[in-house]
Structures are given as C-alpha cells and as structure tokens.
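Structure first, then comments.
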Amino acid sequence: MHEQNYCSLETTKLANALIQVQRILQPATKDRLNPFTHSNYATLNSVMDSCREALLSNGIWLTQYPIPAEPGHLGLVTKLVHAESGQWQSSHAVVPLPKNDPQGLGIAMTYIRRYSISAMLGIVTEDDTDGNLPKDSGKGGQRQKRAPAIQDSAPSSHLPSRSQPTQLPKLDGIAYQEITATDGQVCIVATGNTQAKKELLAGAGFKWNPQRKMWWKYAQAS
C-alpha cells in the first residue's frame, strides 16, 4: 500500500484539545445483543453518544468517509480536525464485506465506523446489565446498575412527603430532585453545573447516565 500521511505537520493544538476530550470522555454502553454470539456490544449510536459532546465542546470535528479498496473490501478514513488551527489526525481501516451487495456494504460500514472511532479516541465499553447481575458475579463482584427509566411526568411534588436525605452533599450550583422510576423506586437526580462537581457527586454515590446526560442515585441508598 502506498505511503500516506496520517496527521498534519503540527499537532500540538489538536493534541491539547484531545487531552481535554479524554478527560471527560464517557464509556460507551453495550446496548445491543448479538443474537448469533449471545454477547452484548456497543452500537454506533452508543459510541457517538459517549464522545459527541466532548468533541464538540473542544472544537474537534469528526468525519468519516469511504475510500477505494480491493474488491470485496471496504476502506474507511476517520479524521479528527481541530477547527481553530486546522490541525488534523486520521486513520485508514479496511475490512472485508460480509456480502458483496448494498446490505453487506451497510453492515461493514457501521462495523468499521464504530471500531475506528473507538480506537482513535480511546473509548472503552461497559456492560449494560439492565439492573441485573451477571450469573458469575456471586463471589462479591457487583456490577454497576443501569440508570432506571424515569417517568418524566412524575415530579417530586407528587411523591409522599419525607425529609431530604442528609447524606446529599451541599454543592454550589447543584440542586436535587426526587422522581419516580418506572420500576417504582424513588431516584434522586442532580441538576445544575454537574460537570464541575462530577468527582464530588461520584463520591456521594451518584452514577452518570450517558444516554440521559444526568447524575442519579436511588433515594434508598442515601
């Protein structure tokens, strides 16, 4: 294969921006079950959800486009561009087509896109157990629960009155709201400038839900 340039001559500003991206990058949730291997995997939507906001807030443009490859294969370029400086970095991946038709092309495109993005940004994946522990976790290894589905129409004023949990940290710019999940349990959601307080919230037992972009915990755990 002919030699290619995979980055601009200067990458200092791009590298500094990508450091900030990786500081706030969220794991991609394994949100889909492969019916053939019976294993969970992170879809392209999940991968993009984990990095989209981090890239945009740091001025990084992510683009992917197909390029010619040998027959029966798909070539894809993934490129990260720093909008302010124009500095860039790219990767070139090639995968065989599962079928030599439009459907096979679509399958290969989705597959190679999510793996290329994950490799370039260092995205890791975590299991979505839907609140259930894996069968082999009986020896003390408890997995993190998935954030419960929340009923948006159930504000805290509809809940039975009870005292505010004393264990909630008093943080400037952070407010707490009690809402009922679809499983009937009461959850506490932190709102406000949570990005600046994420370490303190995590220390208080809150968990980050990348799909709903919120910090939450069960009220009974307070």
Give the intermediate values and the outcome of side-chain contact (heavy atoms from CB on, under 4.5 Å) for residues I117 and L44. CA-CA 9 Å; I117 295 171; L44 179 59; 4.2 Å; yes
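- Across all non-hydrogen atoms, the minimal contact from S50 to L25 is O-CD1, 3.6 Å.
- Both W208 and I188 are part of a single hydrophobic cluster, where members link through side-chain heavy atoms under 4.5 Å apart.
- Rounded to the nearest 0.5 angstrom, R32 CZ and Y41 OH are separated by 5.0 Å.
- The closest donor-acceptor contact from the side chain of Q22 to the backbone of L121 lies under 3.5 Å.
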May I have the step-by-step check of side-chain contact (heavy atoms from CB on, under 4.5 Å) for Q20 and L18, ending in yes or no? CA-CA 5 Å; Q20 299 306 314; L18 287 174; over 6 Å; no
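- Closest non-hydrogen pair, T194 versus T191, comes out as CG2-C, 4.0 Å.
- Although no hydrogens or angles enter the test, the distance criterion places no donor-acceptor pair under 3.5 Å between the side chain of N5 and the main chain of C7.
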If you apply the rule side-chain contact (heavy atoms from CB on, under 4.5 Å), what do you find for F206 with L168, and how did you get there? CA-CA 10 Å; F206 284 84; L168 294 177; 3.7 Å; yes
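- Listed for the R114 side chain is no donor-acceptor partner under 3.5 Å among the backbone atoms of V47.
- Across all their heavy atoms, A42 and A28 have their closest contact at CB-CB, 4.1 Å.
- Looking only at side-chain heavy atoms (C-beta outward), Q195 and I24 come within less than 4.5 Å of each other.
- Here the side chain of N193 pairs no donor or acceptor atom with the backbone of I174 at under 3.5 angstrom.
- The closest side-chain heavy-atom distance from L80 to M120 is below 4.5 Å.
- Once rounded to the nearest 0.5 Å, the distance linking CE of M48 with OG1 of T43 reads 11.0 Å.
- Screening P66, P96, P68 for a side chain to side chain contact (heavy atoms under 4.5 Å, CB included) with L74, the sole residue that qualifies is P66.
- No side-chain heavy atom of I112 sits less than 4.5 Å from a side-chain heavy atom of V94.
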Could you check W215 against K207 for side-chain contact (heavy atoms from CB on, under 4.5 Å), going step by step and ending with a plain yes or no? CA-CA 5 Å; W215 289 90; K207 301 178 180 65; 5.6 Å; no
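- V95 is not listed as a side-chain neighbour of H73, based on a closest heavy-atom distance of 4.5 Å or more.
- Side-chain atoms of E178 and C187, non-hydrogen and from C-beta on, never get closer than 4.5 Å to each other.
- Two residues are said to be in side-chain contact when any heavy atoms from C-beta on lie closer than 4.5 Å; C51 and V21 fail this criterion.
- Within 6.0 Å of NZ on K198 lie more than 12 heavy atoms contributed by other residues, nucleotides or ligands.
- Under the 3.5 Å distance criterion, with hydrogens and angles disregarded, a donor-acceptor pair is assigned to the side chains of Q64 and T78.
- Within the 3.5 Å criterion, the main-chain N or O of T29 finds a donor-acceptor partner in the side chain of S46.
- With hydrophobic clusters built from ILVMFWY side chains whose heavy atoms lie under 4.5 angstrom apart, V77 does not share a cluster with L62.
- Once rounded to the nearest 0.5 Å, the distance linking CD of Q89 with OH of Y6 reads 11.5 Å.
- At least one side-chain heavy atom of R52 sits less than 4.5 Å from a side-chain heavy atom of L56.
- The closest donor-acceptor contact from the side chain of Q87 to the backbone of T12 lies under 3.5 Å.
- The CD atom of Q26 sits 10.0 Å away from the CG atom of N209 when rounded to the nearest 0.5 Å.
- The neighbour count for D101 CG, taken as heavy atoms of other residues, nucleotides or ligands under 6.0 Å away, is above 12.
- A donor-acceptor pair under 3.5 Å is absent between the side-chain atoms of Y111 and the main chain of G106, judged by distance alone.
- Counting heavy atoms from C-beta outward, L201 and W216 have side chains that stay 4.5 Å or more apart.
- Side-chain atoms of K99 do not come within 3.5 Å of backbone N or O of L105 as any donor-acceptor pair.
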